[in-house]
Amino acid sequence: MTHPQQRAAGTGPVVRPVTGSGPVAGAEAGVEPGATSGAEPESDGVDEALALVAPSRTLAHRTASPRSAPPGTASVRAENSLAGAPRAKAERHRATPWPDARDVATRAGARTGPAHPGPGHPTSGPTGPARPGPGHTGPSPDHPSPDHPSPDHRDPDRPRRHATPLGQALGHVLAEPLRALTDLPSFDTSAMDGWAVAGPGPWSIRDEGAVLAGHASATALEDGTAVRIATGARVPPETTAVIRSEHSRTDAGGHLHARREVVPGQDIRPRGQECRSGDQLLPAGTPVTPAVLGLAAAAGYDELPTLPRPRVEILVLGDELLTAGLPHEGLIRDALGPMLGPWLTTLGADVLATRRIGDDADALRAAVIGSPADLVITTGGTAAGPVDHVHPVLAQAGAALLVDGVKVRPGHPMLLARLEGGRHLVGLPGNPLAAISGLLTLAEPLLRALAGAPASTPYRAAVRDEVHGHPHDTRLVPVVHRGDQVVPLHYNGPAMLRGIAAADGMAVVPPGGARPGDVLEILDLPWPVSPAPGAAQGACFT
Ligand SMILES: Nc1nc2c(c(=O)[nH]1)N[C@H]1C(S)=C(S)[C@@H](COP(=O)(O)OP(=O)(O)OC[C@H]3O[C@@H](n4cnc5c(N)ncnc54)[C@H](O)[C@@H]3O)O[C@H]1N2
Ligand code: MOO
């Protein structure tokens, strides 16, 4: 966390645009990018909130006070080891451009991925359980005991492919192509409730009740005969068509008549119509969705070959954080602990733990060095305050900084480092929306690559209203979809979650901002697009 006194010393009056909405306004007034969010705690206050609610209220009576970049936010460019080289306080800040930061994160995950063969790189060897058998004792490589952490997750003994029971496979990624284990359907099937008939009608009705789904095959139909049949039942041999009940009538003499023309094969699903045994249904690298579970079950699977999920440990920093009750006496509720685990799980991670470390550098160092996770995520402590321990601890841990600051608002102090043992650490800024920005910018692409999942497909949409931009940096702004447009939401300050909680996407606003109708890249959030205006009720639209 940043020390309160430092905040007070570092924040001066800033000019805000009339409809200013976020941490960028200071920079628009000519403040250096690195210093802009130094004003954030102030921009986070009542004035900003009122500006967001009432865009017409002017805050321009404030005067600009350009400041230089804060010490300690200076970056070391990619791949620069921090070990034994504490960052010079006067170093110039060279943050990574936002699109490049995502690429670096993706490449870091892909490069680390030998244990995670991705799409097009199926694991070798036959399908079968890869976990230790029931007789296995001791810590599993996937579930190291607290006493036996396995910091080197590149352990060659770690299973490259799991046989995961269907009931546990949701959110995993297929390690191999999904091939049909049977023809689908596996027998000629009636598609309708009605009559199985053979040859031309009228047909004499076979006196044996109905052929029902799931029952043994009926004897062959002779030409000129019909038998009642249910949807999903196996059609008797020699059946030439199925006639729907509503398209037929019976007479007093026990004969069946068709009310309309009967086409041979009608309403029969022939065996193998959907696939033949051995057909590839889905490629390796496909995320296991509920629909994939259904298809796999239909195709005969009890368990699925899945890639090991990246293991993530979350370290929540900050002595000011409460885990229950109301904020009081300068203490606030931890908003990130409850949010990040579920969010990361949705992204396919196996979240080992969320640990609260406080502002204790020794505890942080021990947690980072000893973590068995593929990815350690810290929250807070990325800036230059007296208890912002992330950079010094990374230096002590011999980490290499791949990204140290990103040209994005909010969240510019975010970082990505490579730790010993092929592990990674993403440092999320403490301000909650800034942390989400870091999650989407660095953690998500890294996790996708580590998991062997395809990169998210970018898409674009027109923005309905003007969005103020930062002069040099990208902005990520919560939006809600309305038709084929997105509407930017207020309450998008770095310390606020009110906008993102009503949002269903984040718009990528280029430096300089966007005008109504401009087409912007949209980042998906891991929940459905809100279908109706009511879903975002209470949210403040621009
Ligand atoms: N001198 C400067 N100060 C700051 C700068 C700067 O450039 N120069 N940048 C500001 C920006 S922008 C951000 S973002 C934050 C990032 O700071 P840290 O990553 O060190 O985070 P903290 O100082 O620990 O916390 C910031 C803020 O967020 C609150 N917080 C922290 N964790 C949580 C949590 N789990 N749940 C809810 N809120 C949390 C914390 O209490 C602080 O208010 O630095 C600025 N300062
Ligand atoms: O601008 Mo900070 O990055 O408040 O989030």
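One-based numbering, in listed order, for ligands and for the atoms of each.
Considering backbone and side-chain atoms alike, Ala335 places an N or O below 3.5 Å from some N or O of ligand 1. Checked against a 3.5 angstrom limit, the closest N/O atoms of Thr379 and ligand 1 fall outside it. At least one N or O atom of Gly430 sits closer than 3.5 Å to an N or O atom of ligand 1.
Those atoms of ligand 2 that come under 4.0 Å of a heavy atom in Ala434, given as number and element, are 5 (O). Listed by atom number, the atoms of ligand 2 under 4.0 Å from His412 heavy atoms are 3 (O). Listed by atom number, the atoms of ligand 1 under 4.0 Å from Thr382 heavy atoms are 16 (C), 18 (P), 19 (O), 20 (O). Residue Gly411 has at least one heavy-atom neighbour below 4.0 Å for each of these atoms of ligand 2: 1 (O), 2 (Mo), 3 (O), 5 (O). Every atom of ligand 1 is numbered from 1 in the order shown, and the set under 4.0 Å from a heavy atom of Arg333 is 36 (N), 37 (C). The atoms of ligand 2 that sit less than 4.0 Å from any heavy atom of Pro494 are 4 (O), 5 (O). Each of the atoms 3 (O) of ligand 2 lies under 4.0 Å from some heavy atom of Pro413. Close approach of ligand 1 to Asp334 is summarised as follows: ligand atoms under 4.0 Å from at least one heavy atom of the residue are 34 (C), 35 (N), 36 (N). Of all atoms in ligand 1, numbered sequentially from 1 with element shown, those under 4.0 Å from a heavy atom of Glu320 are 31 (C), 40 (C), 41 (O). Contact atoms of ligand 2 toward Asn431: 4 (O) (distance under 4.0 Å to a heavy atom of the residue).
In this structure, CG on Asp388 lies 8.0 Å from CG on Asp359, to the nearest 0.5 angstrom. Ser371 contributes atom OG, which lies 6.5 Å from atom CG of Leu315 (distance to the nearest 0.5 angstrom).
At least one side-chain heavy atom of Leu394 sits less than 4.5 Å from a side-chain heavy atom of Leu419. Proximity of Leu446 to His424: side-chain heavy atoms (C-beta onward) are separated by under 4.5 Å at one or more points. Between Leu293 and Leu304, some side-chain heavy-atom pair lies under the 4.5 Å cut-off. Residues Leu489 and Val480 are in side-chain contact: their nearest non-hydrogen atoms beyond the backbone lie under 4.5 Å apart.
Side-chain atoms of Asn431 never come within 3.5 Å of backbone atoms of Leu433 as a donor-acceptor pair (strictly under, hydrogens ignored).
Taking a 4.0 Å cut-off on heavy atoms, Arg409 fails to register as neighbouring ligand 1. Residue Gly381 places a heavy atom less than 4.0 Å from ligand 1. Heavy-atom distances between Pro429 and ligand 2 stay at or above 4.0 Å for every pair.
The heavy atom nearest to atom 44 (O) of ligand 1, considering only Ala383, Pro413, Gly405, is found in Ala383.
Contacts with ligand 1 closer than 4.0 Å are made by side-chain heavy atoms of His412 only, the backbone lying farther away. Residue contacts with ligand 1 for Ile332 involve side-chain atoms from C-beta outward but no N, CA, C or O (heavy atoms, distance under 4.0 Å). At a heavy-atom cutoff of 4.0 Å, ligand 1 is contacted by both the backbone and the side chain of Leu336.
Of all non-hydrogen atoms in Arg475 and His468, the two that sit nearest each other are NH1-O, 2.7 Å. When all heavy atoms of Lys407 and Trp98 are compared, the closest pair comes out as O-CB, 4.0 Å.
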Would Arg464 and Gln485 count as a side-chain hydrogen bond (donor to acceptor under 3.5 Å, both in side chains) if you check the C-alpha gap in whole Å, the side-chain angles of each, and the deciding distance to 0.1 Å?
CA-CA 6 Å; Arg464 194 190 72 180; Gln485 292 186 317; 5.3 Å; no
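Between the side chains of Asp404 and His391, at least one donor N or O sits under 3.5 Å from an acceptor N or O.
Salt bridge absent: Arg311 and Asp350 never bring a charged side-chain N and a carboxylate O closer than 4.0 Å.
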